[in-house]
Amino acid sequence: MSPDGSRIAYLGVGERAIWLVNASGEGARRIVAAAPGYSFGERLIWSPDGRRVAYGNRKPDEFTIESYDLDSGRTSVVLSDPKGASFCWARDGRIIYSRQEDPPNETSANLWDIRVDPRTARAFGKPRRLTNWGGYLFDVLSTGAGGARLSFVRKRFRSTV
């Protein structure tokens with residue numbers, strides 16, 4: 001749901017296309033289709049001003065956070081990180097995302113952020129590590145309405161012989 005409650009962005013069947021519809025359910029239109037070999041396995045996130053929809057674009061060994069400008073119809077890459085995963089766009093303009101650790105710690109992830117101009121979807125500065133935790137991965141990142149709290153689902157690997 002867009003920040004003003006007027007539109008809904010959603011993934012089509014099989015996560016091969018992103019659609020936009022009015023909150024009343026009318027006027028559905030496809031805005032982005034996945035390129036061959038790619039999928040939109042991550043959630044759709046609205047920019048704080050509601051003028052862009054950000055999405056994760058995944059291919060084996062490749063992950064980008066991309067943004068679709070609702071006014072111009074253009075897409076742009078916000079961040080490219082093959083170890084990236086779930087993310088959210090905070091009200092203060094930061095994109096907070098999880099990043100899987102390198103081997104031998106690949107069953108762990110940490111949170112990172114990068115500042116993004118919501119009007120242009122251009123990142124500035126370098127990603128900054130926020131946590132140094134171990135033993136689990138992050139999923140379904142989101143910030144509260146006030147933007148002061150971050151919530152997430154914690155996933156842990158278990159294996160038995």
Side-chain angles (χ1 to χ4, degrees), residues 1-2 7-21 28-48 50-70 72-90 93-118 120-143 150-161:
M1 183 70 74
S2 63
R7 296 174 285 186
I8 300 168
Y10 63 95
L11 289 171
V13 176
E15 300 174 348
R16 301 287 307 149
I18 298 171
W19 292 77
L20 187 68
V21 66
R29 65 183 173 105
R30 186 177 76 174
I31 58 173
V32 179
Y38 286 85
S39 67
F40 301 134
E42 310 300 324
R43 293 179 32 208
L44 303 176
I45 306 297
W46 287 87
S47 64
R51 296 176 55 203
R52 295 179 167 274
V53 176
Y55 53 93
N57 203 357
R58 184 169 296 285
K59 184 178 180 179
D61 297 327
E62 189 175 325
F63 176 76
T64 56
I65 297 173
E66 298 181 11
S67 170
Y68 177 85
D69 184 318
L70 294 167
S72 70
R74 292 188 188 134
T75 60
S76 58
V77 174
V78 178
L79 175 76
S80 179
D81 185 338
K83 301 284 186 175
S86 185
F87 66 96
C88 64
W89 202 333
R94 294 178 302 148
I95 286 188
I96 302 168
Y97 66 101
S98 67
R99 184 178 193 283
Q100 190 173 7
E101 294 296 318
D102 293 320
N105 299 318
E106 63 268 34
T107 58
S108 295
N110 277 286
L111 296 177
W112 293 69
D113 75 349
I114 191 162
R115 296 239 173 242
V116 176
D117 180 341
T120 64
R122 295 184 89 179
F124 50 94
K126 292 186 178 190
R128 176 179 62 135
R129 187 179 185 137
L130 300 175
T131 63
N132 192 16
W133 301 338
Y136 54 89
L137 302 172
F138 296 90
D139 201 4
V140 194
L141 294 172
S142 66
T143 57
L150 176 72
S151 65
F152 55 87
V153 172
R154 184 173 80 170
K155 298 190 311 187
R156 184 173 286 198
F157 281 101
R158 283 195 183 226
S159 61
T160 53
V161 176

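- Between Tyr10 and Trp19, the two ring planes are parallel [angle under 30°; tilted spans 30° to 60°].
- Using a 30° and 60° split on the angle between ring planes, Phe138 and Tyr136 fall in the perpendicular class, above 60°.
- By the 4.5 Å heavy-atom criterion applied to side chains, Ile45 and Val53 are not counted as neighbours.
- With respect to the salt-bridge test (charged N to carboxylate O, under 4.0 angstrom), the residues Arg74 and Asp69 do not qualify.
- By the 4.0 Å N-to-carboxylate-O rule, Arg94 lies close enough to Asp113 to be salt-bridged with it.
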| request: Any chance you could lay out the side chain to side chain contact (heavy atoms under 4.5 Å, CB included) test for Asn110 and Arg129, step after step, and finish with the verdict? | output: CA-CA 7 Å; Asn110 277 286; Arg129 187 179 185 137; 2.7 Å; yes

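- Going from atom CD1 of Ile8 over to atom CE of Met1 covers 4.0 Å, rounded to the nearest 0.5 Å.
- Under the salt bridge (Lys or Arg N to Asp or Glu O under 4.0 Å) criterion, Arg30 pairs with no residue, sequence neighbours left out.
- In terms of the ring pair (Phe, Tyr, Trp, His ring centres under 6.0 Å) criterion, Tyr68 has no residue partners (sequence neighbours excluded).
- In this structure, Ser67 contributes its side chain and Ser76 its backbone to no donor-acceptor pair below 3.5 Å.
- Panel note: side chain Thr131, backbone Leu111; a donor-acceptor pair is recorded below 3.5 Å.
- No donor-acceptor pair under 3.5 Å is formed between the side chain of Ser108 and the backbone N or O of Gly134.
- Counting only distance, with no hydrogens or angles, the side chain of Arg16 and the backbone of Tyr38 share a donor-acceptor pair below 3.5 Å.
- In terms of the side-chain hydrogen bond (donor to acceptor under 3.5 Å, both in side chains) criterion, residue partners of Arg99 (sequence neighbours excluded) are, by chain and number, Asp81.
- No side-chain N or O of Thr64 forms a donor-acceptor pair with one of Ser80 less than 3.5 Å apart.
- Judged purely by atom type and a 3.5 angstrom limit, Arg115 has no side-chain atom pairing as donor or acceptor with the backbone of Lys126.
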